[in-house]
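Accompanying notes for the structure given below.
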Amino acid sequence: MLELHRKGKQLVLEMRSGSCLLLHLGMSGSIRVCVGEMEPESHVHALWQLQRDAVTMSLRHRDPRRFGWLESHASMASVHASAWSALGPDALEISSEQLAASLRESRRPLKSLLLDQGRIAGLGNIYVDEILFRAGLHPECASHRVPPGVVSRLARITREVLARAVELGGSTIRDHRTVEGAWGSFQDEHRVYGRVGLPCRVCGTPLSTRQVSQRTTVFCRRCQSRTPQEGRP
DNA sequence: GGCAGCCTGGTT
DNA sequence: AACCAGGCTGCC
């Protein structure tokens, strides 16, 4: 295997031959690479033995809840032309212009738009809630009503939250592990996710919950205003 | 645009 | 035994 590529939640392993394995880990999936044999484990759906010179390496895809998938592509060009053409810009690098373009014409709730992989690729339920809290925005605020200055701040916070989460190895709630098998620790910095009823870390108000876009949503009704003001710090 | 359904394991 | 979480697809 030569190279790794990623867009949003999708990962590509590009082989030396140029052929590609495109995969999505779903919510409980993981891939592990190790030298030599691997200890047996449950829920392994695919296993490769890779030969490099005299060394054998094992690559394994484990996915207890089977929400993940993988498909084979002849080349990166094929990946770009199919699966990746349906994805919006990557959330780690989203610009305020790109975000503004998505928000401008939609009356949908902000949270629903941020979860839409075709608009912005890479955000799931945890990170959307964490981003909206840090941006001081209500999850049900109509997307087109977010003023330009606030959109630019939202884009910056999106990039910052994800970069920090990556730095900490992600959020280990239950299944998630880093590629080395370690726990992530971004959950220690969660402000709202998993904290329903607990006091807001900023103002002490008990955190609220509600279904938004068929997703459990946690937010602070005091810190996250429904009508964002331009120029908020 | 909403919503059921897919699936498993942990919780109630 | 019933319910829930989560990402995404496919059907209204």
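Chain letters run A, B, ... following the sequence lines, proteins first, then strands; residues in each count from 1.
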Exercise for review: Let me know the distance between CG of D63(A) and P of dT8(B), rounded to the nearest Å.
Suggested key: 10 Å
Exercise for review: Kindly point out which of dC8(C), dC3(B), dC7(B) is positioned nearest to the side chain of R215(A)?
Suggested key: dC8(C)
**Study point:** Side-chain ion pair, E41(A) and R60(A), N-O less than 4.0 Å
**Key:** yes
Practice item. Taking side chain to side chain contact (heavy atoms under 4.5 Å, CB included) as the test, write out the residues that go with R195(A), two or more places apart. Key: L198(A), R201(A), L207(A)
Point to revise | Heavy-atom pair with the smallest gap, counting every atom of V150(A) and V146(A) | key: CG1-CG1, 3.6 Å
Point to revise | Interatomic distance, K111(A) NZ vs dG1(B) C1' [rounded to whole Å] | key: 17 Å
**Study point:** Residue pair L92(A) / R159(A): nearest heavy atoms and the distance that separates them
**Key:** O-CG, 3.5 Å
Review point. Could you give the angle between the helix axes at the two ends of the helix from dG1(B)-dC12(C) to dT12(B)-dA1(C), with five pairs per end, rounded to 10 degrees?
Key: 50°
**Study point:** Atom pair distance, as rounded to whole Å: CG in D129(A) and C1' in dG7(C)
**Key:** 15 Å
Exercise for review: Please list, chain by chain and in numerical order, all residues satisfying side chain to side chain contact (heavy atoms under 4.5 Å, CB included) with Q214(A), sequence neighbours excluded.
Suggested key: none
**Study point:** R134(A) and E130(A) ion-paired at < 4.0 Å
**Key:** yes
Check your understanding: Which pairs pass side-chain hydrogen bond (donor to acceptor under 3.5 Å, both in side chains) with one or both residues in residues 113-122 of chain A, sequence neighbours excluded?
Key -> R108(A)-D116(A)
Check your understanding: What nucleotide among dG1(B), dC8(C), dT8(B) has an atom nearest to a side-chain atom of R66(A)?
Key -> dT8(B)
Practice item. Taking atom types as modelled, find out whether Q211(A) and T217(A) have a side-chain donor-acceptor pair closer than 3.5 angstrom. Key: no
Study note, to complete from the structure: In whole angstroms, the gap separating C1' of dC8(C) from CG of L87(A) amounts to 12 Å
Exercise for review: Please report, rounded to the nearest Å, how far the P atom of dG2(B) is from the CD atom of Q211(A).
Suggested key: 12 Å
Review point. What does R108(A) touch in the nucleic acid at a heavy-atom separation under 4.0 angstrom: a base, only the sugar-phosphate, or nothing?
Key: sugar-phosphate
Check your understanding: Think Q117(A) has a side-chain N or O under 4.0 angstrom from the OP1 or OP2 of dC8(C)?
Key -> yes
Review point. Rounded to the nearest Å, what distance is computed from the CG atom of residue N125(A) to the C1' atom of nucleotide dC8(C)?
Key: 13 Å
Review point. Counting any heavy atom closer than 4.0 Å, what does T216(A) reach on the DNA or RNA strands: base, sugar-phosphate only, or nothing?
Key: sugar-phosphate
Below 3.5 Å between N/O atoms, which protein atoms pair up with nucleotides 9-12 of chain B? Just atom names and distances, please.
unit_1, atom_1, unit_2, atom_2, d
dG9(B), OP1, H43(A), NE2, 2.4

Review point. Does E140(A) have any side chain to side chain contact (heavy atoms under 4.5 Å, CB included) partners at least two apart in sequence or in another chain, and if so, which?
Key: H138(A), R210(A), V212(A), R226(A)
